[in-house]
Amino acid sequence: MGSGIAEVCAKAGYETFVREVDEKALDGGRRRIENSLSKAIERGKLTAADGEAIRKRLRFSSSFAEIFSSDLVIEAIVESLSAKCEVFEALDKSCAPHAIFCSNTSSLAIAEMAAATARPDRFAGLHFFNPVPVMKLVEVVRAIGTSEETVARVTAFARSLGKEPIAARDNSGFVVNRLLVPFLLDAIRAHEQGVGSLEDIDTGMKLGCAHPMGPFELLDYVGLDTVYAIAEIMFAEYREARFAPPPLLKRMVIAGRFGRKTGRGFYEYDERGDRRR
Ligand code: CAA
């Protein structure tokens with residue numbers, strides 16, 4: 001999601017520094033942004049001059065040094081509390097005292113990450129949705145120590161990106177995943193229990209409820225590894241059966257069937273991510 005977040009920030013006029021773990025990951029992010037910008041220019045949604053200005057506002061690096069002068073930092077790394085805390089602890093020492101830290105986590109507690117820094121008042125959740133350039137929603141998450149001023153500034157920032165912010169409490173899954181994850185897991189359980197085929201369940205929810213994607217299309221799109229990780233975190237927080245990952249999901253993740261990104265999940269995909277069957 002990092003590349004999508006960087007793209008919308010640069011599009012909104014912000015000087016944007018992107019930090020990735022290594023050159024390979026940086027190349028991947030750069031390519032995704034480039035593809036998205038060229039497609040927008042081809043379709044006449046963006047002028048070539050605006051595209052060039054956006055490219056100039058983006059800087060890529062595998063070092064943290066570039067972001068030490070940023071006013072706002074948005075973390076979108078792997079969904080691991082220890083990895084996130086490690087990054088924030090390091091940034092806290094070198095970033096400006098006024099800088100606000102945000103996490104794009106979908107299920108971890110913002111308070112736990114804030115506790116790894118000396119700025120819990122300037123720490124909030126800023127949760128985007130996939131695909132970031134298209135989805136209008138952003139959840140602004142107030143943790144136990146987040147100040148009013150930080151909530152107001154992060155909310156204004158989200159609006160300046162052209163997004164519609166909603167306020168959410170720092171409970172695992174916030175608003176959207178609290179409702180979406182049990183629905184996706186229940187679709188897997190329904191399929192396991194023989195309620196319907198993958199295609200029929202997907203068609204049911206698309207044509208019966210006007211969802212843009214059926215639950216299995218969405219699971220493959222978000223990534224089964226990601227949904228599994230989120231479900232485990234939510235189950236650990238709430239200890240309610242509806243958040244427990246079903247056995248089939250766990251086995252698919254063990255088998256490396258993560259969805260679109262690995263070419264196979266509930267459905268199969270070609271190299272371009274288009275559905276084979
Ligand atoms: N980047 C930029 N633009 C994109 C894009 C991307 N990755 N993917 C699609 N678009 C644009 C297309 O260019 C197109 O724009 P125009 O209409 O202006 O031409 C528009 O979006 C529609 O795309 P398509 O015609 O290719 O395909 P579609 O109509 O089937 O829409 C979709 C694709 C927007 C992904 C739609 O299927 C959808 O809304 N799906 C549901 C997505 C969803 O539920 N997201 C939330 C996931 S949960 C999450 O993210 C949170 C979490 O923590 C797990």
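As the structure lists them, so they are numbered: ligands from 1, and atoms in each ligand from 1.
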Could you pull out all residues at least two apart from Asp202 that satisfy salt bridge (Lys or Arg N to Asp or Glu O under 4.0 Å)?
-> none
Nearest protein heavy-atom contact for atom 38 (C) of ligand 1: which residue, which atom, what distance?
-> Pro212 CB, 3.7 Å
Say whether, by atom type as modelled, one donor and one acceptor occur between the side chain of Lys163 and the main chain of Met135 under 3.5 angstrom.
-> yes
Can you sort out which atoms of ligand 1 are near Met213, meaning under 4.0 Å from one of its heavy atoms?
-> 35 (C), 37 (O), 40 (N), 41 (C)
Charged N to carboxylate O under 4.0 angstrom, Glu75 versus Lys84?
-> yes
Is ligand 1 less than 4.0 angstrom away from at least one heavy atom of Val181?
-> no
Is Glu7 salt-bridged to Lys11, going by a charged N under 4.0 Å from an acidic O?
-> yes
Should we say atom CZ of Arg57 is surrounded by more than 12 heavy atoms from elsewhere, each under 6.0 Å from it?
-> yes
Under the salt bridge (charged side-chain N to carboxylate O under 4.0 Å, His left out) rule, what do Lys24 and Asp27 come out as? Steps first, then yes or no, please.
-> CA-CA 5 Å; Lys24 190 168 167 246; Asp27 276 350; over 6 Å; no
When you measure from atom 54 (C) of ligand 1 to every protein heavy atom, which one gives the shortest distance, and what is it?
-> Val222 CG1, 3.6 Å
4.0 Å protein heavy-atom contact status of atom 27 (O) of ligand 1, strictly under = no
Return yes when atom CD1 of Ile144 has more than 12 non-hydrogen atoms of other residues, nucleotides or ligands closer than 6.0 Å, and no otherwise.
-> no
Atom 6 (C) of ligand 1: the protein heavy-atom neighbour that sits closest, reported with distance to 0.1 Å = Pro131 CB, 3.7 Å
Considering only protein heavy atoms, determine whether one is less than 4.0 Å from atom 15 (O) of ligand 1.
-> yes
Quick one: which ligand 1 atoms are inside 4.0 Å of a heavy atom on Leu180?
-> 48 (S)
Tyr238 six-ring face occupied by Arg178 cation (under 6.0 Å, within 45°) = yes
For atom 51 (C) of ligand 1, what is the nearest protein heavy atom, given as residue, atom name and distance?
-> Phe129 CD2, 3.4 Å
In this structure, atom 46 (C) of ligand 1 is nearest to the protein heavy atom Asn130 O, 3.5 Å
Any non-hydrogen protein atom less than 4.0 Å away from atom 1 (N) of ligand 1 | yes
Locate the shortest heavy-atom distance separating Val175 from Ala167; write the atom from each residue and the value.
-> CG2-O, 4.3 Å
For ligand 1, which atoms, with element, lie under 4.0 Å from some heavy atom of Pro133?
-> 1 (N), 2 (C)
Any idea which protein heavy atom is nearest atom 52 (C) of ligand 1, and the distance to it?
-> Asn177 ND2, 3.6 Å
Mark whether atom 42 (C) of ligand 1 lies under 4.0 angstrom from at least one protein heavy atom.
-> yes
Under 3.5 Å: N/O of Arg43 near N/O of ligand 1 = yes
Quick one: does atom 24 (P) of ligand 1 have a protein heavy atom under 4.0 Å from it?
-> no
Protein contact for atom 21 (O) of ligand 1 (heavy atom, distance under 4.0 Å) = yes
Tyr14 meets the ring pair (Phe, Tyr, Trp, His ring centres under 6.0 Å) criterion, sequence neighbours left out, with Phe157
Using a strict 4.0 Å cut-off to heavy atoms of Lys45, name the atoms of ligand 1 that fall inside it.
-> 13 (O), 15 (O), 16 (P), 18 (O), 19 (O)
Using the ring of Phe101 (Phe, Tyr or Trp, six-membered ring only), decide whether Arg119 places NZ or CZ under 6.0 Å from its centre and within 45 degrees of its axis.
-> yes
Using a strict cut-off of 4.0 Å, indicate which atoms of ligand 1 neighbour a heavy atom of Ser106.
-> 53 (O)
Between Glu52 and Arg55, is there a side-chain N and carboxylate O pair less than 4.0 Å apart?
-> yes
Check if Arg32 has a non-hydrogen atom at a distance under 4.0 Å from any atom of ligand 1.
-> no
Contact (N/O only, under 3.5 Å) between Lys39 and ligand 1 = no
Pick one of side chain, backbone, both or neither for how His211 approaches ligand 1, counting any non-hydrogen atom pair under 4.0 Å.
-> neither
Nearest-contact summary for atom 44 (O) of ligand 1 - protein heavy atom, Å = Leu218 CD1, 3.5 Å
Counting only heavy atoms not in Glu199, do more than 12 sit closer than 6.0 Å to its CD atom?
-> yes
Donor + acceptor pair across side chains of Glu232, Tyr228 (<3.5 Å) = yes
Closest protein heavy atom (residue, atom, distance) for atom 9 (C) of ligand 1 | Val134 CG2, 3.9 Å
Using protein heavy atoms only, decide if any is under 4.0 Å from atom 49 (C) of ligand 1.
-> yes
Does Asp225 pair with Lys261 as a salt bridge, N-O distance under 4.0 Å?
-> yes
